[in-house]
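Excluded from the calculations below are hydrogen atoms, water molecules and symmetry mates; all remaining heavy atoms, backbone and side chain alike, are included. Whatever order the structure lists ligands and atoms in, that order sets their numbers, starting from 1.
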Amino acid sequence: MKIAIASDHGGFELKQKLVDYFRLKNMNLDDLGTNSADSVDYPDFADKMAEYILSSQADLGILICGTGVGISIAANRHKGIRAALLYNQFVAEMAKKHNNANIIVFGGRTMKFDDVVSYIETFLNTSFEGGRHQARLNKLDKE
Ligand code: RB5
């Protein structure tokens, strides 16, 4: 599985910690930036990630801004993107089981690294249920 990760400056510190964590675990990871704590605009990184996921260059995206809110809003403007802000274990499980999120989102200024890692592990270890949930996802993308 290929994972891509990106953040704005508000998520930069958390992103770097996650990059180190994934590299230690030898996971297949593409880092799409930002590459410093200098101020940038979160829509630019949400757009870059959405295009990456929609063109199948990665199987799952991780996006981070200060709260996770702005970058979620921006990513979800792209048809076919299901970006979910994971803030507890139950939501991490349901975002896969029911929503089959293709981008998971975190707040660099609102969440602790250890919690974020546990939400990612829960999401990765859960399967999409399909069935009635797939029918609902189909409605999201209808013309
Ligand atoms: C940047 O200061 C901040 O607004 C951004 O990271 C994010 O929290 C927006 O929703």
Side-chain angles (χ1 to χ4, degrees), residues 1-129 133-143:
M1 164 181 260
K2 163 82 76 75
I3 296 177
I5 190 166
S7 74
D8 74 352
H9 55 290
F12 176 68
E13 194 180 324
L14 176 59
K15 177 176 74 69
Q16 294 312 109
K17 287 184 185 168
L18 289 172
V19 167
D20 292 344
Y21 170 81
F22 284 126
R23 298 244 151 98
L24 269 175
K25 294 196 83 178
N26 283 321
M27 290 182 78
N28 195 359
L29 182 77
D30 285 349
D31 183 354
L32 308 185
T34 188
N35 298 315
S36 79
D38 295 346
S39 183
V40 291
D41 298 329
Y42 59 80
D44 297 337
F45 291 88
D47 291 349
K48 195 171 180 183
M49 179 63 80
E51 282 155 25
Y52 215 71
I53 296 297
L54 292 171
S55 59
S56 302
Q57 293 179 77
D59 305 298
L60 175 70
I62 298 176
L63 283 175
I64 311 165
C65 67
T67 59
V69 174
I71 212 158
S72 297
I73 293 170
N76 278 315
R77 297 225 166 174
H78 294 260
K79 189 173 177 180
I81 290 298
R82 297 177 301 280
L85 179 55
L86 307 188
Y87 54 88
N88 65 31
Q89 290 292 349
F90 181 70
V91 171
E93 188 182 337
M94 289 301 143
K96 181 66 183 191
K97 206 181 254 191
H98 287 188
N99 309 116
N100 200 21
N102 49 16
I103 296 179
I104 54 177
V105 186
F106 301 103
R109 294 172 177 158
T110 57
M111 296 183 182
K112 294 186 189 127
F113 171 75
D114 289 348
D115 290 338
V116 169
V117 167
S118 74
Y119 303 155
I120 293 171
E121 296 294 342
T122 295
F123 184 86
L124 291 177
N125 290 324
T126 302
S127 299
F128 178 48
E129 276 183 355
H133 302 296
Q134 182 60 58
R136 290 165 186 164
L137 298 191
N138 294 345
K139 288 192 174 187
L140 294 175
D141 292 332
K142 72 176 191 298
E143 292 304 320

### Task
Using the side chain to side chain contact (heavy atoms under 4.5 Å, CB included) rule, take R136 and K139 through it: C-alpha gap first, then chi angles, then the decisive distance, then the call.
CA-CA 5 Å; R136 290 165 186 164; K139 288 192 174 187; 5.7 Å; no
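- Evaluation of the salt bridge (Lys or Arg N to Asp or Glu O under 4.0 Å) test over residues 88-99, restricted to residues two or more places apart or in two chains, returns E93-K97.
- Taking the side chain to side chain donor-acceptor pair (under 3.5 Å) definition, one finds that N99 meets it with nothing, sequence neighbours left out.
- Within 4.0 Å of ligand 1, the residues that place a heavy atom are D8, H9, Y42, C65, G66, T67, G70, R109, listed by chain and number.
- In this pair, Y119 and F106 present their aromatic rings parallel. The plane angle is below 30°, not in the 30 to 60° band.
- Residues forming a side chain to side chain donor-acceptor pair (under 3.5 Å) with Q134 (at least two apart in sequence, or on another chain): N138.
- No more than 12 heavy-atom neighbours from other residues, nucleotides or ligands sit within 6.0 angstrom of OH on Y87.
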